[in-house]
Amino acid sequence: MTSTEYAVEARGLVKVFGQNRAVDGVDLTVKAGTVYGVLGPNGAGKTTTISMLATLLRPDGGEGRIFGHDVVREAQIVRQLIGVTGQYASVDEKLSANENLYIFGRLLGLSSKQAKAKGAELLEAFGLTDAATRPLAKFSGGMRRRLDLAASLIAQPPLIFLDEPTTGLDPRTRGQMWDTIRQLVATGSTVLLTTQYLDEADQLADRIAVIDAGKVVAEGTGDELKASIGTSSLILRLADTNETGEALRLIEQVFGVQGTPSPEAARITVPMSDADRVTDLLLAFRSAGIRLAELSVQKPTLDEVFLTITGHGVTEAEETTEEVLA
Amino acid sequence: MTTLAGNSLKPITPVSERRLKNHTSFAQTVANSLTMAYRGLVKFRRTPEQFMDVTLQPILFTVMFTYLFGGAISGSIAHYLPTIIPGVLVQTVITASVVTGVQLREDMDKGVFDRFRSLPIARIAPLSGALIADTLRYAIATAITFLTGIVMGWRPEGGVAGVVLGGLVVVVVAWCISWIFAFLGVIARTASSVQGISFMVLFPLTFLSNAFVPTSTLPGWLKWFTDVNPISHVITAVRNLCDAQPAGADLGWSLLGAVVVVAVFAPLTVRAYMRKA
């Protein structure tokens, strides 16, 4: 029954709010020790999915397992294995950082002394020691997010849910958050994060599920997702633009497709279905005496992936209210 | 700004080496509730303005009503004190118990409540903790009202024992009644609606009683109401305890009523709460 190979196994999760099927049959499998990204626009059902896996919402259908433990029947065990950092600060605004961590520590069964030590340790680790006794009202968005994450780490949970951990943070603080997430994985934790940023999923996640309108519309590594929508492009820049015509002829001969020249940059873009042929092309160029100034390969971006899969851009997605962590 | 979390995060304990259990023991429930009560007290300390209803309000009401009605009702301030002090006391403390419901609703709407729900703690702890912490509020209101009365010249016949006993009755009754407002807090949609509904119930109950005036001059129907009003029984019981009079029947009815309220509302509240928690 109990498996430690998979941190998360969700099968056909469904959550219905009134007429709205916020989550409509989501399957997720997250291997322990990895970062898993759930990518989707506002209102796609990301937060609702996390809430069900974190025992905050009861699924209307399907089942979820955390390290093999059922999120409904073994909710209290699941809670011993997870840390949740929501989109909105889940700390006590009226208390100081110190008091917050102390109370969470006590609730988690630490003695008074242990809870104080743990709080101090985490504040130190997250660079919040100086602000330890200040009321949270004076905290910046980044500080609050850090405290929130610190509070999720008191029990050192093997699985951490991060709901849009960097939404609203400035680029530098965002970079720090990314570092922290990588360190969490280094300590042995599994991280399941949601994000609206393609770049973030690409940078952090080992695997990504693209979710739209409550359904997983694509799943795989970042590279697989990119590869799924098409081929990479070979981009060539010639040393001498007068040779463009000859170069295009050779490209068609080797690849069997037309290259697209851009005259002003002396650049030629070639759809590259078979990377192995590049050697042939380069040899042909050498024997024809065509010299290259630059050569690169461009993969499709996740933006293109998203557009292709969902049929609409990330920003076009409609905002709905159900994203609020219930 | 510092780099986050340097290398100071320690390796976690693997899942296979953790001792996991799917139920919460009674000892843990008590410990969690006490921690939540502690949280309530820290919050009071951080936001003393939330204490006003049990600190300034009893002073204000005692002074105001005594000087306003004293001469008219009892002939003099001094003669009115034994009537008004228990009246204001019961009114203040029971009003303070409304806050239990309002704050519970506020708490449940906050992000921190999601964290509580994601922790392996007793589900009931945030509720029971709030109820425990609030008894301190009632005790403060009781002490301040009595002190204000004594400063104004109130000399209860019952002495220290009678006053302490009277105060205890008020705190116990208020705690029992706070279950009603806790229930409203759990089922209501917003904190302000809890406040609205609660005061609509409380105003008639506390004012249409024997708290401020002798009921003998009231029109028949109103006198009937004030006589059956449970608040009147509590007030009479407290008056008698403070005045070294036998409090027998009124005390019995008060405590019985309080127990009935708990018996009805505690299960309702807990059930509604557990469904949401």
Side-chain angles (χ1 to χ4, degrees), chain A residues 2 4 7 32 51 54-56 67 69 73-77 79-84 86 88-96 99-100 103-104 106-109 121 124-127 135 142 146 148 151-153 155-158 161 172-173 176-177 179-180 183-184 186-189 325-326, chain B residues 1-25 27-28 31-47 50 103 106-123 125-126 129 275-277:
Chain A
T2 308
T4 47
S51 300
T55 76
L56 297 176
F67 293 103
H69 297 282
R73 283 191 302 275
E74 297 173 282
Q76 202 69 346
I77 287 186
R79 292 182 190 118
Q80 287 160 59
L81 297 170
I82 60 170
V84 187
Y88 305 98
S90 30
V91 285
D92 227 312
E93 306 272 324
K94 285 175 184 163
L95 306 183
S96 71
E99 289 161 344
N100 263 296
I103 287 167
F104 294 134
R106 293 286 284 154
L107 286 173
L108 286 164
E121 175 197 318
E124 169 85 43
F126 283 86
R146 267 142 64 194
D148 216 336
S152 306
L153 301 182
Q156 296 198 283
F161 291 105
R172 187 185 51 178
T173 323
Q176 290 175 343
M177 190 56 91
D179 287 342
T180 309
Q183 278 160 22
L184 286 176
T187 65
S189 292
L325 196 59
Chain B
M1 214 179 282
T2 21
T3 357
L4 285 193
N7 288 319
S8 42
L9 294 177
K10 292 181 191 146
I12 63 156
T13 314
V15 178
S16 52
E17 288 167 32
R18 289 171 184 247
R19 278 184 53 228
L20 303 166
K21 55 187 176 63
N22 201 29
H23 67 274
T24 315
S25 68
Q28 194 196 341
N32 290 160
S33 302
L34 288 177
T35 303
M36 293 306 292
Y38 168 79
R39 167 175 172 266
L41 298 187
V42 177
K43 270 173 87 167
F44 288 154
R45 212 181 57 209
R46 286 268 162 177
T47 46
Q50 287 198 345
Q103 285 185 348
E106 273 177 6
D107 232 20
M108 290 176 76
D109 288 339
K110 292 236 172 79
V112 70
F113 208 77
D114 279 328
R115 183 174 301 284
F116 292 142
R117 298 195 311 145
S118 76
L119 295 178
I121 58 171
R123 306 282 84 195
R275 217 176 304 138
K276 294 196 178 186

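Please read these numbers as outputs of a predicted model, since none were measured by experiment. Chain letters run A, B, ... following the sequence lines, proteins first, then strands; residues in each count from 1.
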Closest non-hydrogen atom pair between [X] and [Y], with its separation:
{"X": "B:G111", "Y": "A:S90", "value": "O-CB, 3.3 Å"}
{"X": "B:P11", "Y": "A:Q156", "value": "O-NE2, 3.8 Å"}
{"X": "A:P158", "Y": "B:I12", "value": "CA-CD1, 3.5 Å"}

Can you tell me how far apart [atom1] ([X]) and [atom2] ([Y]) are? Round to the nearest 0.5 Å.
{"X": "B:I121", "Y": "A:L107", "atom1": "CD1", "atom2": "CG", "result": "5.0 Å"}
{"X": "A:I77", "Y": "B:N22", "atom1": "CD1", "atom2": "CG", "result": "4.5 Å"}
{"X": "B:L20", "Y": "A:H69", "atom1": "CG", "atom2": "NE2", "result": "5.0 Å"}
{"X": "A:K94", "Y": "B:K43", "atom1": "NZ", "atom2": "NZ", "result": "5.0 Å"}
{"X": "A:L108", "Y": "B:L119", "atom1": "CG", "atom2": "CG", "result": "5.0 Å"}

Measure distances from [X] to the heavy atoms of chain B and classify the residue's part below 4.5 Å as side chain, backbone, both or neither.
{"X": "A:E99", "result": "side chain"}
{"X": "A:L81", "result": "side chain"}
{"X": "A:A151", "result": "both"}
{"X": "A:A155", "result": "backbone"}

Next on the checklist: Keeping B:D114 on the side-chain end and A:V84 on the backbone end, is there a donor-acceptor pair under 3.5 Å?
Outcome noted: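 No.
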
Item to check | Ring-face cation of A:R106 near B:Y38 (centre distance under 6.0 Å, axis angle within 45°) | outcome: no

Checklist entry - Can you name the one residue among B:K21, B:H23, B:R123 that meets side chain to side chain contact (heavy atoms under 4.5 Å, CB included) with A:Q76? => result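 With A:Q76 as partner, B:K21, B:H23, B:R123 yield a single side chain to side chain contact (heavy atoms under 4.5 Å, CB included), made by B:R123.
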
Item to check | chain A contact via B:S118 - side chain, backbone, both or neither, heavy atoms under 4.5 Å | outcome: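 Both parts, backbone and side chain.
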
Next on the checklist: Does this structure show an ion pair linking B:R115 with A:D148, if we count only N-O contacts that are shorter than 4.0 Å?
Outcome noted: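 Between A:D148 and B:R115 there is a salt bridge, with a charged N closer than 4.0 Å to a carboxylate O.
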
Item to check | salt bridge (charged side-chain N to carboxylate O under 4.0 Å, His left out) against B:R18, all qualifying residues, sequence neighbours excluded | outcome: none

Next on the checklist: If you apply the rule side-chain contact (heavy atoms from CB on, under 4.5 Å), what do you find for B:R117 with A:T55, and how did you get there?
Outcome noted: CA-CA 8 Å; B:R117 298 195 311 145; A:T55 76; over 6 Å; no

